[in-house]
Amino acid sequence: MSLRTEEMVLNMGPQHPSTHGVLRLELVLEGEVVQDVKPHIGYLHRCFEKHAEAMTYPQVVPYTDRMDYLASMYNNFGYVEGIEKLMGIEVPERVQYIRVIMGELQRIASHLVALGTFGLDLGAFTPFLYLFRDREKILTLFEETCGARLLYNYMWVGGVSHDLHPDFLRKTREFVDYFRPTIKELNDLLTFNKIFIERTANIGICPPKEAINLGLSGPNLRGSGVKFDLRKNDPYSIYDKFDFEIPVGEGLVGTVGDCWDRYYVKILELEQSLRIIEQAIEQIPDGDVSSAIPRRVKPPKGHIYHRVEAPKGELGYFIVSDGTLNPARVKVRAPSFVSLSAIGHIAKGYLIADVVAILGSLDIVLGEIDR
Amino acid sequence: MKNPEEILEILKNQYPDFGIEIDSELPTEPIIVVDPLKINIVGEFLRDNEELQFDSLMNLSGVDDNNSEKVTDEDGNVTTQGGTFSVYYHLHSTILNHKITLKASTNRENPEVESVDGVWKASTWHEREAYDMYGIKFLNHPDLRRILLPEDWDGFPLRKDYENPEFYDGMKIPY
Amino acid sequence: MQDYISEITGSDLIAFIAGTVPPLAFMVVFTLFAVWLERKVSAHMQDRLGPMRVGYHGALQTLADFLKLLQKEDIVAAAADRPLFNIAPYLVFVGTFLAYAMLPFTSIYIGSSADVGIFFILAVSGFVVAGLLMAGWGSNNKYSLYGAMRSAAQIVSYEIPTALVVLTMLMFYGTMSLGEISLQQTDMMWNWGILGGPLTGIAKFLIIPFIFVAFILLFISSLAETNRTPFDLPESESELVAGFSTEYSGVKFAMFFLAEFANMFLVSAVLVVFFFGGYQSPFGYLGNLFGIEWLVPIEQTFWFIIKGLFFVFVQMWLRWTLPRVRVDQLMTICWKYLIPYAFINLLIVGLILLI
């Protein structure tokens, strides 16, 4: 006589301490084993794309901030560079260097949140607070430059809004010196902790071919062993002037492409970002940051797809212009949107506690999924 | 590394009667125009062919081309006629490091495009979003329903002639 | 001890009160203190300050929280199973409180001088399981049920290593009464359990590593018994909101809380009695030094509480450092690692004691 079992549908509802934002996950379970994960999104939809069609090109920049609110600098970066390419504007070199420094600092800040909340989901409460203490230092640097801690509206078409204040480079150098030993502290506390490894190694494995087909990018793709980074493979801005490496997941503990690899790639990227910042601080020239800002932004008729390596993956802007002051279409290809769609494929066959770990390792933020 | 003209040549040799053309009048890169009902076959060929190997779909987006005409008939009603929706596919190859843009245009009254979900799984949610925002039906899509808006919403917001409905579920919409 | 007081005062009622009220009072006061301690310890470990405003450095914070909890509305979900739902917290609390009767705070005051000591404590801890299951089922909530089932499985499984280690120590001391065990560890630190206990000769040195292993095993099992991280799945906030106590509010929630912290002290006290000399001081008594007789029991209470507090502190320390273990890994640890080690330890200690 066979045991009659039923599949149970469990809802990790829109309000839940560990889904990163308003996300509803419908889990189809058999006992504690997950058969299927169906995400339901749209709770944070703010109609960014429709707004963009009603405003002028520079007015869209603050709206781009609010999509991935943990990495606002990069959202601005992608949009603004796309328009500059469409219009053929050459920005001064100082502006390029400032953008790279801000972008890499933002990458560190975003990764700190990702790593901290990942530990929090698994029950390690303390690294979260240590990492936020370090993130405060970065946010203070940003606040001294442009006045805002989270949503900056800093990068404008053709330049940046404020020049660096005189103390900025010295303080950034101090931050770099301060932050390097803390990475080692984090490794001691969490990364090589046996319990943490038990929870994350061999969980949520995504083989490289499938990762490319699913459209994963950024640390998720590199965690699966694919050495692909837009800063090296498809360089934009002045990233080809810097010397840094691309960390790739190698399955140090467990298999290639599991949650631990995705986590470890982010930690290695922190170190590489510090290298880039150091080189940029050495090489930055003087100049005027607002010389190339046009009075009216009116790109010619055409379209462009420009992508940048945001902290969460490949952030792409598809801008269609019809020659007027307002864009005809701005489509944002958000990295978390594609990462979340992959969770149905990655999380089959694991336990509920593992779904939380997988979701944390994919590093999503609902602001850019729903836009 | 191939540029769009060479890719066009390869495609034309493979599928001479699909009517594949290139559109290079815009200042940015040329794009390849494909018939919307044949896009999945072309996509699979692009992914599997050794010279091309487009294994990654970067982006799939619907665009309202805004090229319809307003027609006023005898009663004074204004309707839109003609016009197209386009779906743009941005592909790139991680192995050979080249990019291409495809475009499939379909009419406004009954927009239908073949789904490329069988070729690149990354397209599943992008196609759902294009359906949600424009009403473009993707044939053979495994799960075509609204993604960002509530399931019972009326209308397709990103169309240029979209107006907000008066009520939704008993709530008045214009604030 | 109750007989002693009823002899002195000639009244059974006063003896009864004198036997019951102090442990209860201690439980409540200890919980108030321990919650504040946990918040301060966690805060300082996380590079922040913790409660600072209510009272001196937040000392009255717990009192404020409990007063707030007490005056909250007692919500019972409409579809909940009322009898089960209402009784569950009290059952959990009673289980822990009963066990306090066997703790030897001093040499002359023990709640009950029954001979079964530790056996009684282990048996009565089973109430907790029943209470948790009732709480989970009676809440009529999928999450609570999951939490309760996990918790029941966890506690029942980890009682086995606990029992095995306790058996080892019973072989070692030869008696089940906790008061007797503390008495055997008199006279300076040298006779404490962890350093070989009241044995003499070569056996004392041989047995030290195995006693140490027994101590580690008992410590880990007791972490699991009290649902503390890394074994705090039943109350894992990030997965199941609050586990089995999701639906509780007000007094009943306070009961669960009280029971959890009291349980923490209980297992620390058992550890202390077995391995660290119970209420014995590590270097003699000031009372004996100055010839003041009645000072000695007070000092013993002091030492007992201090040692118990130290282990409570270690438990809190671990909670804020380590991540959480998954359900099946928790069971693996228990059945595949702790139980075999406990068995082997038992055998070896038995062999050494025969010598």
Side-chain angles (χ1 to χ4, degrees), chain A residues 38-47 49-50 52-53 85-88 208-217 221 226-228 230 233-234 299-307 314 316-322 328-334 337-342 344-345 369-371, chain B residues 23 25-29 31 47 53-67 86 88-95 97-101 103 117-130 132-134 143 145-151 153 157-160 162 164:
Chain A
K38 293 195 210 127
H40 294 258
I41 58 176
Y43 292 93
L44 199 52
H45 182 61
R46 293 158 291 172
C47 320
E49 295 172 356
K50 191 79 178 171
E53 294 173 12
K85 269 202 175 146
L86 199 55
M87 287 176 69
K209 278 245 173 300
E210 202 173 321
I212 300 179
N213 198 322
L214 282 168
L216 293 178
S217 52
L221 185 62
V226 180
K227 195 164 178 138
F228 186 77
L230 284 178
N233 294 52
D234 196 6
K301 223 173 169 182
H303 58 87
I304 187 171
Y305 177 72
H306 184 64
R307 51 187 189 155
E314 172 190 323
Y317 283 87
F318 177 54
I319 305 172
V320 176
S321 152
D322 54 1
R329 171 90 165 105
V330 176
K331 151 105 183 156
V332 178
R333 186 259 191 220
F337 187 70
V338 184
S339 303
L340 189 60
S341 69
H345 300 270
I369 296 182
D370 288 341
R371 279 161 275 135
Chain B
D23 177 5
E25 49 174 77
L26 300 168
T28 45
E29 50 163 20
I31 52 180
R47 184 190 68 179
Q53 290 195 29
F54 283 110
D55 53 359
S56 163
L57 172 74
M58 295 192 286
N59 186 26
L60 189 163
S61 53
V63 177
D64 185 341
D65 291 325
N66 209 12
N67 48 6
S86 303
Y88 284 77
Y89 302 77
H90 296 91
L91 311 169
H92 88 106
S93 166
T94 51
I95 311 169
N97 207 13
H98 49 196
K99 296 192 252 189
I100 187 69
T101 309
K103 172 176 157 180
D117 182 67
V119 184
W120 298 287
K121 290 207 212 83
S123 61
T124 320
W125 274 24
H126 283 112
E127 289 180 350
R128 275 179 70 184
E129 188 184 344
D132 191 10
M133 293 288 148
Y134 287 100
D143 185 22
R145 54 193 166 95
R146 287 190 182 268
I147 188 169
L148 291 176
L149 296 172
E151 302 278 332
W153 189 266
L158 276 179
R159 293 189 177 188
K160 293 288 183 187
Y162 173 76
N164 271 322

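Note that the structure is predicted; figures quoted are calculated from it, not measured. Proteins come first, then strands; the chains are lettered A, B, ... in the order of their sequence lines, and each starts at number 1.
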Student: Below 4.5 Å, heavy-atom pairs only: which of A:R307, A:H345, A:E49, A:K50 has the largest tally toward chain B?
Tutor: A:R307
Student: Which region of B:R47, side chain (C-beta onward) or backbone (N, CA, C, O), has a non-hydrogen atom less than 4.5 Å from a non-hydrogen atom of chain A, or is it both or neither?
Tutor: side chain
Student: With under 30° as parallel and over 60° as perpendicular, where do the rings of A:F318 and B:Y88 fit, or are they tilted in between?
Tutor: tilted
Student: Count the heavy-atom pairs under 4.5 Å between each of A:R329, A:K85, A:E314, A:E210 and chain B, then report the option with the highest count.
Tutor: A:R329
Student: Just do the salt bridge (charged side-chain N to carboxylate O under 4.0 Å, His left out) check on A:R333 and B:E129 with the steps written out, would you?
Tutor: CA-CA 11 Å; A:R333 186 259 191 220; B:E129 188 184 344; over 6 Å; no
Student: Given heavy-atom pairs under 4.5 angstrom as the criterion, report whether the side chain, backbone, both or neither of B:R145 touches chain A.
Tutor: side chain
Student: Verify the ring-centre separation between B:H92 and A:F228: is it less than 6.0 angstrom?
Tutor: yes
Student: If we define contacts as heavy-atom pairs under 4.5 Å, which of B:S56, B:A122, B:G62 has the most with chain A?
Tutor: B:A122
Student: Quick one: side chain to side chain contact (heavy atoms under 4.5 Å, CB included) partners of B:D65, sequence neighbours excluded?
Tutor: B:V63, B:N67, B:T84, B:S86, B:S105
Student: Rounded to the nearest 0.5 Å, what separates atom SG in A:C47 from atom CG in B:L149?
Tutor: 7.5 Å
Student: Do A:K209 and B:D55 come within less than 4.5 Å of each other through their side chains, counting heavy atoms only?
Tutor: no
Student: Determine whether A:H303 and B:K103 satisfy the following criterion, side chain to side chain contact (heavy atoms under 4.5 Å, CB included), listing intermediate values before the conclusion.
Tutor: CA-CA 12 Å; A:H303 58 87; B:K103 172 176 157 180; over 6 Å; no
Student: Heavy-atom cut-off 4.5 Å, strictly under: side chain, backbone, both or neither for A:Y43 against chain B?
Tutor: neither
Student: Tell me the closest heavy-atom pair linking A:N233 and B:N97, and the distance in Å.
Tutor: O-ND2, 3.5 Å
Student: Charged N to carboxylate O below 4.0 Å: is that the case for B:K99 and A:D234?
Tutor: yes
Student: CD1/A:I41 to CG/B:L148 distance, rounded to the nearest 0.5 angstrom?
Tutor: 5.0 Å
Student: Using a cut-off of under 4.5 Å on heavy-atom pairs, state which of A:I369, A:L340, A:I304, A:V320 scores highest against chain B.
Tutor: A:L340
Student: Please classify the contact between B:T124 and chain A as side chain, backbone, both or neither, with a heavy-atom cut-off of under 4.5 Å.
Tutor: neither
Student: Once side chain to side chain contact (heavy atoms under 4.5 Å, CB included) is applied, do any residues pair with A:S341, and if so which ones, sequence neighbours excluded?
Tutor: A:V338, B:W125
Student: With a 4.5 angstrom heavy-atom cut-off, could you sort out which part of A:L44 is near chain B: side chain, backbone, both or neither?
Tutor: neither
Student: Step by step, would you call B:T101 with A:Y305 a side chain to side chain contact (heavy atoms under 4.5 Å, CB included)?
Tutor: CA-CA 9 Å; B:T101 309; A:Y305 177 72; over 6 Å; no
Student: Among B:S61, B:P157, B:S123, which residue forms the greatest number of heavy-atom pairs with chain A at distances under 4.5 Å?
Tutor: B:S61
Student: Any heavy-atom pair between the side chains of A:H40 and B:I147 that's under 4.5 Å?
Tutor: no
Student: Keeping B:K121 on the side-chain end and A:G215 on the backbone end, is there a donor-acceptor pair under 3.5 Å?
Tutor: no
